[in-house]
Participant: 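I am attaching a structure below and will ask some questions about it afterwards.
As the structure lists them, so they are numbered: ligands from 1, and atoms in each ligand from 1. Keep in mind it's a predicted model, so treat the numbers as computed, not measured.
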Amino acid sequence: MEYNSKNIEKKWQTTWSETNAFEPSDDQTKEKKYILSMFPYPSGRIHMGHVRNYCLGDAFARFFRKSDFNVLHPIGWDSFGMPAENAAIKHKLHPKKWTYENIDYMRDELKSLGLSFSETREFATSDELYTKWEQEFIIEMYKNDLLYRKSTTVNWCEPCHTVLANEQVEEGCCWRCDTPVEQKEMPGYYVAITKYAQELLDDLDGLKEDWPSQVLTMQENWIGRSEGLEFTLELSKDSRFKLNKSFSNYSVFTTRPDTIYGVTYSALAPEHPIVKFIVEHKLLPENKINAIKEMQKVSERDRATEDKKGVSLEIDVIHPLTGETIPVWVANFVLSSYGGGAVMAVPAHDQRDFEFAKQYNLPLKQVIVGSEGLIEKPTEAFTNEGELINSESFTGLKNTKAKKAILYHFEQNSLGSKKINFKLRDWGVSRQRYWGAPLPFVHCDSCGLVPEKLENLPIALPSDVEITGEGNPLDTHPTWKNCACPKCGSQARRETDTLDTFVQSSWYFLRYATNPKDWETTGISKKDSDYWMDVDQYIGGIEHAILHLLYSRFFTKALNKLGYTNSKEPFKKLLTQGMVLKDGAKMSKSKGNVVDPDLIIEKYGADTARLFMLFAAPPTKELEWNDSAVDGSYRFIKKFFERSANVTKESLETFKNINHKSLSKEEKTARKKVYEALQKSNEVFNKTYTFNTLIASSMEALNALSAQKNEDVWTEGYYILSNILEPIIPHTCWEISQNLFEKENFNNTIEIKEEVFELDSIILAVTINGKKRCEIEVEPNASKEDILSIAKEASLKWIEDKTIIKEIVVPNKLVNLVIK
Ligand SMILES: [Zn+2]
Ligand SMILES: [Zn+2]
């Protein structure tokens, strides 16, 4: 019985494919599980990160399938996006050809891992049919004010030649190509995700048990809700004249109304309308105007890491409570996208304001004191709780109380009001690129922006384009953008922007849930989504904590509102897997530390790759590649396969009637280890995800089986082990199960037999005058008298000529004798 991974794996992969072994049933009365690993981008070849991701997902899918659930476990391709265009430029290949060839290649690679995907539900997001439905949703969103077009300053990546969402800017650089991002004024389409800011925040509560807390925190911070006071600062009379009476005030937002008497200056963002007006009308000396222009060029992200910079605008506002005059500055730390782009600055009690004030010698005014009293020469802002001073009638109040009192005062006197602010911005989805889903809109000279008629969808990409990397090929195409206005019929221009690829990945799970028989006529089937949604287990990288996972949550809520689904949250449970490292670093071509999954499969087989991936580390932790551990995984599978020869024909008839009491110690231990592994399997798949401990238990069980010779125990062991290891090393287990049990052990839930956990004996320590002298072995239900008599016999040499004055038995632990 030699283990030959190639023959076994080839055989089962073919059988699975031919018998449609992993298609979900249409019977919606069955209990379901929807298991989903994040779908791949078809970059060309799978890498070890993919292998880990899909082996984890596959283990869940196979476990629940065996536990008699109707399991949906689909795969597809997130196939629009930049790399296809880059490849087109580099290799003179059409992006479509490049993409679909990669898909074909990678599909085979995934197949060689023995993953139990549904084959009928596979699609690529660049399929025209997928684009058709996406365009319909986009039009519906537009009609329902969830999508709009406006002109704003955007993040622009020159090498990628496209706009980036805030979420795609990482430390001031493009998330794809790492080039510093520029600021540019452009019209574009925005998804109104901010309308759902509160709901997206509130519903994180329901995910607390089943999502990593790190992801929840990241989303919470990204949404960034704060409650505070919004009020207007009136410009002084002189300043109004200086600004040609174009402005009389501006509004500011603060979360600290209790510090309002400490305001010593006010600061505006470089994009604030007043700042823009001053620059445009050159109302300041040239050097100042230039300094402001420099600030405007830097992206908000970069400003956050820069030193504090500012310019005095030589205008003043009036303090709303004291009537004092306050100078106004423009400052790089004020965000235009937050709270109206203007702040009241309280350097004594806000660290940013403090640093800025120090830099430009602006005064500090302490209005809250702690137990240490007034601080003479502060080296940082005082941000602790305390009592108000120098605050007119609010002096003496605790600052927490003063917050409410001052807010109330503003509201009572119509000076301002309570306001909730979010950091979350609307999501810019326009890209000036070819390989994406066209935005389904038309520009008409008489009608303005008009959505395309639904019957004209999909608006497909022209295939005769040349990708040079310069400009948008849709815009430069000679005829594509010429069209008739859907409203008035006159000559009009098609929108040439395409959608951010994150739009496609925001609803693909709803598409999978829709029966493929209906794909031509339905985008998302509400009935099917009622059955399959939410995804029971989602698996993917932590790097998607904000972008993809937040967008998907939003899209589900938006599509719910538009009537396409009743689902409100897409992913019930989330598992974020750690990275695969080699020599301590992430595998990458540039570092030269890539291990090619194909070579591992070729050398050892898919089951070895799968076992190693799940055994080498718990799924959420980083996994360090280790050649000798791969070897060890192979050896275990080989041993496991070959020792199945210990199962005899006779024992297949008798193994279900083992009389546990009559077994030897080794036989009892073997059974106990096997059932411990079975118990672990249920825990691991439903709760802990620590597959490594399940595999370790199975290895122990195989060792314990090998230490005895009882054929019935061997057979029972294989009946159970080939069941619980099936999700991890499916080929080997199907082969064993088919040969020995005709797969009967896959179709039944195996009951745990409690008898195997009953202990034969208990070990107790015997202490004499508190000192441990020996150990005794007693039956679990031995009486106190019996235990004492055994203990005394065992410790005879210490107590022989002494008098016992006290005897204590601590159940299951020890016997203590006090002697004299
Ligand atoms: Zn870029
Ligand atoms: Zn028109």
Side-chain angles (χ1 to χ4, degrees), residues 41 43 78 80-90 95 98 135 139 142-143 148-149 153-189 297-302 305 427-436 438-457 459 467-475 480-505 543-544 546-548 588-590:
Y41 177 79
S43 53
D78 191 12
F80 270 140
M82 276 282 305
E85 282 184 58
N86 290 342
I89 298 162
K90 214 167 152 188
W98 182 85
Q135 287 171 337
I139 290 170
Y142 175 76
K143 287 177 179 165
Y148 59 92
R149 189 168 191 261
T153 315
V154 294
N155 304 306
W156 177 260
C157 176
E158 190 54 40
C160 295
H161 216 86
T162 192
V163 170
L164 299 172
N166 283 338
E167 290 85 341
Q168 292 165 332
V169 182
E170 291 168 356
E171 288 170 14
C173 295
C174 169
W175 71 289
R176 280 213 65 258
C177 72
D178 222 27
T179 307
V181 168
E182 297 167 38
Q183 302 299 300
K184 201 169 166 178
E185 182 88 12
M186 268 181 96
Y189 294 81
K297 273 189 204 160
V298 183
S299 78
E300 281 196 352
R301 291 290 176 102
D302 280 353
T305 56
W427 169 22
V429 292
S430 287
R431 298 292 179 272
Q432 290 68 45
R433 309 209 55 94
Y434 167 73
W435 192 234
L439 272 142
F441 296 97
V442 169
H443 301 273
C444 170
D445 286 340
S446 14
C447 311
L449 188 70
V450 187
E452 188 51 88
K453 290 179 187 163
L454 295 184
E455 63 260 35
N456 290 346
L457 303 181
I459 303 304
I467 317 280
T468 58
E470 274 168 39
N472 177 356
L474 294 181
D475 200 33
W480 185 79
K481 63 182 171 183
N482 303 332
C483 66
C485 169
K487 208 167 168 184
C488 72
S490 60
Q491 177 73 27
R493 268 175 310 110
R494 206 173 272 306
E495 175 58 62
T496 57
D497 282 359
T498 51
L499 283 161
D500 182 1
T501 58
F502 278 96
V503 174
Q504 283 98 62
S505 51
E543 67 273 20
H544 296 290
I546 322 176
L547 292 167
H548 165 59
S588 76
K589 263 190 202 150
S590 59

Participant: Given side chains that start at C-beta, do those of Phe441 and Ile459 come closer than 4.5 Å, heavy atoms only?
Facilitator: no
Participant: Among Gln183, Glu185, Met186, which residue meets the side chain to side chain contact (heavy atoms under 4.5 Å, CB included) test with Trp156?
Facilitator: Met186
Participant: Nearest 10°: the angle subtended at the Zn ion (ligand 1) by Cys177 SG and Cys174 SG?
Facilitator: 110°
Participant: Tell me, please, if Cys173 has any N/O/S atom, main chain or side chain, under 2.8 Å from the Zn ion (ligand 1)?
Facilitator: no
Participant: Any chance the rings of Trp175 and Phe502 have centres within less than 6.0 Å?
Facilitator: yes
Participant: Salt-bridged, Glu452 to Arg494, with N to O below 4.0 Å?
Facilitator: yes
Participant: Angle at the Zn ion (ligand 2), SG of Cys488 to SG of Cys447, rounded to 10 degrees, please.
Facilitator: 110°
